[in-house]
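Quick notes on the structure that follows.
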Amino acid sequence: MTLLPFGILSRALVACLLALAATAINLAWAETPSKHYTAVSSDGVTLSIQEAGDPSGTPVIFVHGLLGSHLSWQAQVDSPALQRYRLITYDLRGHGQSGHPSAPQMYTDGLRWADDLDAVIRKSKSGRPMLVGWSLGAAVISNYLAKYGDADIAGVVYVGGVIELDAAQIQPHPEVYRDMSSLDLRTRLDAERAFLTLCFHRPPVDEVVQRLLANAALASFDMQRVVHRMTVDAAKGLQGVRKPMLQIYGELDALVRADASAGRAQQLNPSIRTLFYPDTGHAPFLESPQRFNDDLAGFIAKAHPVDH
């Protein structure tokens, strides 16, 4: 056996270690493609923003619902069908890693939530994004449209959308909503779990459910007490939209009255297209992710034909 001189062996070992380190860095980068940054809304609330997908692709901004966070959209961020888009998520005020102000008016004034979305659009420099809003996120988008119009966006997708905080459009669960604002921590956490259970007809895997429960526990108590009083100017918001619009509801939605909500949106803007998913509850994007992602990609392709 021929022995290599120590110096040559050392150099070879160092080169091998450097190659392994470079490989590890590349793998780590491949596994964590998102970037994170913040924006500050008009009233000083800091908003946590995340990005994934193709930085040069058509921008899509996802707006989660009550007690959620950007992690609500993991099935979209991880979707191979959507990786060609610039996927932008953020945490609503009072949720996740965004600011948790305490004053009631920071949550009851719907235009503050509109300003948040505007701040995300401006900070991300996402020219003509597609806006996708789930549940309360749809109300946030409606308020954005009421204040800013549709000039700077490509289109809108409502998912299990709250069109208005109207008893005729919302499924009644008075005990759950009452207990979500309880001063007793156990009562509040149990109510949050009950609320999350109502989000699904077909729950996702347990790992996802546990993460969503953690999301809910992070949500501001001050927000939960007053968010039902949030102003939503759906009439002004929807009636002025000339860009493409799509709404998707699960036929078995236990939180929103799907037919009534979809009908109200169509009354306000007859051009809106509506899809109902069978055997699906309040979260079509998690219960039927493949169909949802394909429908979303198809809708974006029609709104941005030059990009496809």
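Computed from a prediction, not measured in an experiment: that's the story for all the values here. Residues take their numbers from the sequence shown, with the count starting at 1.
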Within a strict 4.5 Å, meaning less than it, do heavy atoms of the [X] and [Y] side chains meet?
| X | Y | value |
| --- | --- | --- |
| Ser72 | Asn215 | yes |
| Tyr144 | Val140 | no |
| Leu196 | Leu67 | no |
| Tyr249 | Ser261 | yes |
| Val162 | Gln169 | no |
| Leu212 | Phe200 | yes |
| Thr280 | Leu252 | no |
| Leu47 | Ser41 | yes |

Practice problem: Check the angle between the aromatic planes of His95 and Trp113 and answer parallel, tilted or perpendicular using the 30° and 60° thresholds. | Solution: perpendicular
Quiz prompt | Arg112 with Asp115: basic N within carboxylate O range, under 4.0 Å | solution = no
Quiz prompt | Check ion pair Asp43-Arg93 (N to O, under 4.0 angstrom) | solution = yes
Self-check item: ring-ring contact (aromatic ring centres under 6.0 Å, His included), paired with Phe285, selected from Trp73, Phe62, Tyr277
Solution: Trp73
Short question: side chain of [X], backbone of [Y] - any donor-acceptor pair under 3.5 Å?
| X | Y | result |
| --- | --- | --- |
| Asn293 | Ser79 | no |
| Asn269 | Leu238 | yes |
| Gln171 | Asp253 | yes |

Self-check item: Exercise: do Tyr37 and Gln50 side chains pair donor with acceptor under 3.5 Å
Solution: no
Exercise. Determine, step by step, whether Ser288 and Gln290 satisfy the side-chain hydrogen bond (donor to acceptor under 3.5 Å, both in side chains) criterion, reporting the C-alpha distance in whole Å, the side-chain angles of both residues, the deciding distance to 0.1 Å, and the verdict.
Key: CA-CA 6 Å; Ser288 302; Gln290 183 171 346; over 6 Å; no
Quiz prompt | Stepwise side-chain hydrogen bond (donor to acceptor under 3.5 Å, both in side chains) check, Gln224 with Ser181 | solution = CA-CA 6 Å; Gln224 292 183 60; Ser181 61; over 6 Å; no
May I ask whether [X] and [Y] are part of the same hydrophobic cluster, defined by side-chain heavy atoms of I, L, V, M, F, W, Y residues being less than 4.5 angstrom apart, directly or through others?
| X | Y | value |
| --- | --- | --- |
| Val157 | Leu275 | yes |
| Val241 | Ile61 | yes |
| Val60 | Ile153 | no |

Exercise. Give the intermediate values and the outcome of side chain to side chain contact (heavy atoms under 4.5 Å, CB included) for residues Leu66 and Met223.
Key: CA-CA 10 Å; Leu66 180 63; Met223 179 274 300; 3.6 Å; yes
Quiz prompt | Aromatic ring proximity, centroids under 6.0 angstrom, His64 and His70 | solution = no
Exercise. Kindly indicate, with the supporting measurements, whether the criterion side-chain hydrogen bond (donor to acceptor under 3.5 Å, both in side chains) is fulfilled by Gln105 and Asp109.
Key: CA-CA 6 Å; Gln105 66 269 23; Asp109 181 359; over 6 Å; no
Taking atom [atom1] of [X] as the centre, does the number of heavy atoms from other residues, nucleotides or ligands within less than 6.0 Å exceed 12?
| X | atom1 | answer |
| --- | --- | --- |
| Asp152 | CG | no |
| Lys236 | NZ | no |
| Arg273 | CZ | no |
| Gln210 | CD | yes |

Exercise. Over all heavy atoms of both residues, which pair between Ala167 and Arg257 is shortest? Give the atoms and the distance, please.
Key: O-NE, 3.7 Å
Exercise. Begin from the C-alpha positions of Asp150 and Arg242 and carry the test side chain to side chain contact (heavy atoms under 4.5 Å, CB included) through to its verdict.
Key: CA-CA 7 Å; Asp150 67 352; Arg242 298 296 178 264; 3.8 Å; yes
Practice problem: Please lay out, stage by stage, how Arg188 and Asp179 fare under the test side chain to side chain contact (heavy atoms under 4.5 Å, CB included). | Solution: CA-CA 5 Å; Arg188 187 162 74 251; Asp179 290 349; over 6 Å; no
Quiz item: Rounded to the nearest 0.5 Å, how far does NZ of Lys147 lie from CG of Leu111?
Solution: 5.5 Å
Quiz item: Going through the checks in order, is the side-chain hydrogen bond (donor to acceptor under 3.5 Å, both in side chains) test met by Ser182 and Asp184?
Solution: CA-CA 5 Å; Ser182 172; Asp184 179 73; 5.1 Å; no
Practice problem: Please lay out, stage by stage, how Val63 and Leu131 fare under the test side chain to side chain contact (heavy atoms under 4.5 Å, CB included). | Solution: CA-CA 8 Å; Val63 189; Leu131 303 181; 5.7 Å; no
Practice problem: Answer yes or no for Arg193 and Phe195: cation-pi contact, defined as NZ/CZ to six-membered ring centre under 6.0 Å and angle to ring axis within 45°. | Solution: no
